[in-house]
Amino acid sequence: MKLKEVVLLAERLKGISSINEKVSLLSSFLKRVDKEEGKVVVALLIGENPYGKVGLGYQSLKNLLVLKESNESVEVSEIDKILKELKKIKGSDSLYRKLNILYYLFRKLDDKEREYLVNFLIGEIKIGANKGIIKKAIAKTFQISEDILDEIILKKGDFLQVIEGIFKEGKNYIEKTDFEIFQPFSPMLANIIYSLDELPKEKLACEYKIDGIRIFLHKKDKEVKIFSRHLKDITNNLFEIAEYFSEINGDFVLDGEVVLLDKENKILPFQDMMKIISRKERERFENIRPFFFDILYKNGEKLFGIPNKERWQILSKTIPNNLLIERIETDDKDKIKRFYEESIKRGNEGIMIKKLDSPYFIGSRKKYWLKLKNFYPLDLVILEAEWGHGRRKGWLSNFLLGCLNRERNGFLPLGKTFKGLSDKEFTEITKILLTKKIEDKEWGIIVRPEIVVEVFFSEIEKSPFYESGYALRFARINRIRYDKNPYEIATIDEIIRIFEEERKKKGEIDIFY
DNA sequence: CTTGGCTGCCC
DNA sequence: ATTCTGC
DNA sequence: GCAGAATGGGCAGCCAAG
């Protein structure tokens, strides 16, 4: 199979909107793909390097795009080899050596192939045929039911590994595949809600939502491995937890969240925690603290399918109780409200709300888990706006927000947001902002600070980048305040006040014993 | 040896 | 991580 | 109801350049 054929297919897929049509085109294409090439062809289509990220982004690769066009044909198996090679290159001059390999490859390609490969390497393939569509096509090609395929992918946790297995072994692969301990799987995720009125009317589990790092802890005999939300092995970053658990009875897989505590057992702010935890080498930290809320495997038995309530009971009997997340089970909305308020008071992000009878759905965001998070409103002004890309082409779609400075005669930046506006509002705000333009830039425009927007955000962080010294976390625009002028917006003193109050709240936390 | 750009990965 | 949109 | 696209702040680590 030639690379050119894959690129051509991708181009055709881009132009098709019907899912069925995409699937049948893909399916007839995949039938022509050799057993050994299956993995790399699918990898090219979904834009995921089977050997992992190679440390090259657009800035490093852009020069390869301007080479003189050629038209030799390159086999996908050659691409496969090169991807493997790139992954191995490390150390001094590595950038040069990587680009050198790519240079010899790119010399043989035409412009379309080059553009495609660059997008592939930086993880920006967008042809409207991602894993979901490929899954349907594979199911059709190999006559496997979609549900079974789903199950296998979730159990193995690695999409391309499953694709390779199916190409090489067909239906036999399906029969012998099952969940194994130490093999990470994607986390179950939650949908956001904004008010308790959105709750289903039934008895529910509510848990504190702590602002830390999601972890999966696998243990068998004395061996422990810890994985992150994106399946990275972070055992070394959390060695204290691994050591602690290796002495606990039983084999199991746990789902939880980890934070650091200061000397008074208060949770450190997210930024401070990241500074310590993400270091490769660091001193032992006594107050590293995991909280667990789920168990998916115990002593040889998989627990994905049993109800949440039962998993919680098993979890309670498996680990020391002070490592369980704070949790209540109730159908009383007032109780939930008080639980939420208490969680916020203690400096947490909010609460998780879970259906008691729901299984653990690996890797999917369904309605069985909900999250309710705290946020603040502020009126701010737009200082700059950036042109959007892709489906946002032609709109100003990313806005630098500012607050008033102390003397009330200027504005200070607090970070950007691209969230909250509908397509219609983007059209509208683009028109308005263009009338306020001071200066054209390659990336967008600088505007007179006159458009006031109401912004919701979850937290204020210290910023080493923005002039104000602060930045908003998870900012989104709630509405355009046509009624307000820029001298009525939030001041930097207000920002600092909220920041300090938040930190004080963190000081109030004491759920440890 | 220091600085700064880029990447990957936390949220 | 959040948000909106198209299917 | 879900997947996909567009894009946020900030950290450490790695490498290139000065």
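Below, chain A is the first sequence line, B the second, and so on; all start at residue 1. The analysis underlying the following values was restricted to heavy atoms, covering all of them including side chains, and did not include hydrogens, waters or symmetry mates.
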Which whole-number value in Å describes the distance from [X] [atom1] to [N] [atom2]?
| X | N | atom1 | atom2 | answer |
| --- | --- | --- | --- | --- |
| Glu386(A) | dG8(D) | CD | C1' | 11 Å |
| Asn191(A) | dA3(D) | CG | P | 10 Å |
| Arg97(A) | dC14(D) | CZ | P | 15 Å |
| Asp272(A) | dG9(D) | CG | P | 19 Å |
| Lys131(A) | dA3(D) | NZ | P | 12 Å |
| Asn236(A) | dA12(D) | CG | C1' | 15 Å |
| Gln271(A) | dA12(D) | CD | P | 10 Å |
| Ile46(A) | dA3(D) | CD1 | C1' | 14 Å |

More than 12 foreign heavy atoms under 6.0 Å from [atom1] of [X]: is that the case here?
| X | atom1 | value |
| --- | --- | --- |
| Lys136(A) | NZ | no |
| Arg365(A) | CZ | yes |
| Glu243(A) | CD | yes |
| Tyr103(A) | OH | no |

Considering every strand and a 4.0 Å limit on heavy-atom distances, what is the contact class for [X]: base, sugar-phosphate, or nothing?
| X | result |
| --- | --- |
| Lys371(A) | sugar-phosphate |
| Ser364(A) | nothing |
| Ala475(A) | nothing |

Identify each donor-acceptor pair in which a side-chain atom of residues 420-431 of chain A lies under 3.5 Å from a protein atom, sequence neighbours left out, and give them as a table.
unit_1    : atom_1 : unit_2    : atom_2 : d
Ser422(A) : OG     : Glu425(A) : N      : 3.3
Ser422(A) : OG     : Glu425(A) : OE1    : 3.2
Asp423(A) : OD1    : Arg391(A) : NH1    : 3.4
Asp423(A) : OD2    : Arg391(A) : NH2    : 3.1
Glu425(A) : OE1    : Ser422(A) : N      : 2.9
Thr427(A) : OG1    : Asp423(A) : O      : 2.9
Glu428(A) : OE2    : Tyr482(A) : OH     : 2.5
Thr430(A) : OG1    : Leu396(A) : N      : 3.0
Thr430(A) : OG1    : Phe426(A) : O      : 2.6

- Query: Does Lys135(A) or Glu461(A) map to a spot on DNA chain D nearer the 5' end, using the closest nucleotide for each?
  - Reply: Lys135(A)
- Message: Between Asn398(A) and Asn130(A), which residue's closest nucleotide on DNA chain D lies nearer the 5′ terminus?
- Response: Asn130(A)
Every protein N/O lying under 3.5 Å from an N/O of nucleotides 15-18 of chain D:
unit_1  : atom_1 : unit_2   : atom_2 : d
dC15(D) : OP1    : Gly91(A) : N      : 2.4
dC15(D) : OP1    : Gly91(A) : O      : 3.3
dA16(D) : OP1    : Asp93(A) : N      : 3.3
dA16(D) : OP1    : Ser94(A) : N      : 3.4
dA16(D) : OP1    : Leu95(A) : N      : 3.4
dA16(D) : OP2    : Asp93(A) : N      : 2.8

- Item | Near-ring test Phe182(A)/Phe216(A), centroid separation under 6.0 angstrom | no
- Is there a side-chain polar atom (N or O) of Lys416(A) under 4.0 Å from OP1 or OP2 of dG8(D)?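 So the side chain of Lys416(A) is within the cut-off, an N or O lying under 4.0 Å from OP1 or OP2 of dG8(D).
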- Query: What pair of heavy atoms forms the shortest contact from Phe120(A) to Leu44(A), and how long is it?
  - Reply: CE1-CA, 3.8 Å
Filtered N/O pairs between nucleotides 3-7 of chain C and protein, under 3.5 Å:
unit_1 : atom_1 : unit_2    : atom_2 : d
dT3(C) : OP1    : Tyr194(A) : OH     : 3.4
dT3(C) : OP1    : Arg476(A) : NE     : 2.2
dT3(C) : OP1    : Arg476(A) : NH1    : 3.2
dT3(C) : OP2    : Tyr194(A) : OH     : 2.3
dC4(C) : OP1    : Gly420(A) : O      : 3.1
dT5(C) : OP1    : Asp423(A) : N      : 2.8
dT5(C) : O3'    : Arg391(A) : NH2    : 3.3

- Task: Summarise protein proximity over nucleotides 3-11 of chain B in one line of letters, 5' to 3': B for base, S for sugar-phosphate only, - for none, counting protein heavy atoms closer than 4.0 Å.
- Result: ---SSSSSB
- Determine which pairs satisfy side chain to side chain donor-acceptor pair (under 3.5 Å) with at least one residue from residues 82-97 of chain A, sequence neighbours left out, and list them in order. none
- Once you round to the nearest 0.5 Å, how far does CD of Glu115(A) lie from CG of Asn119(A)?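 That separation rounds to 6.0 Å.
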- Message: Closest approach to the side chain of Arg279(A), judged atom by atom: which nucleotide of dC2(D), dG13(D), dG9(D) is it?
- Response: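 Output: dG13(D).
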- Item | Pair listing, ring pair (Phe, Tyr, Trp, His ring centres under 6.0 Å) test, anchored in residues 361-384 of chain A, at least two apart |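 For residues 361-384 of chain A: Tyr360(A)-Trp369(A), Phe361(A)-Tyr368(A), Phe375(A)-Phe456(A), Tyr376(A)-Phe457(A).
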- With distance as the sole test, does Ser358(A) use its side chain to make a donor-acceptor pair with the main-chain N or O of Lys354(A) at under 3.5 Å? no
- Item | Cationic N near anionic O, under 4.0 Å, Glu240(A) to Arg284(A) |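 Salt bridge: no.
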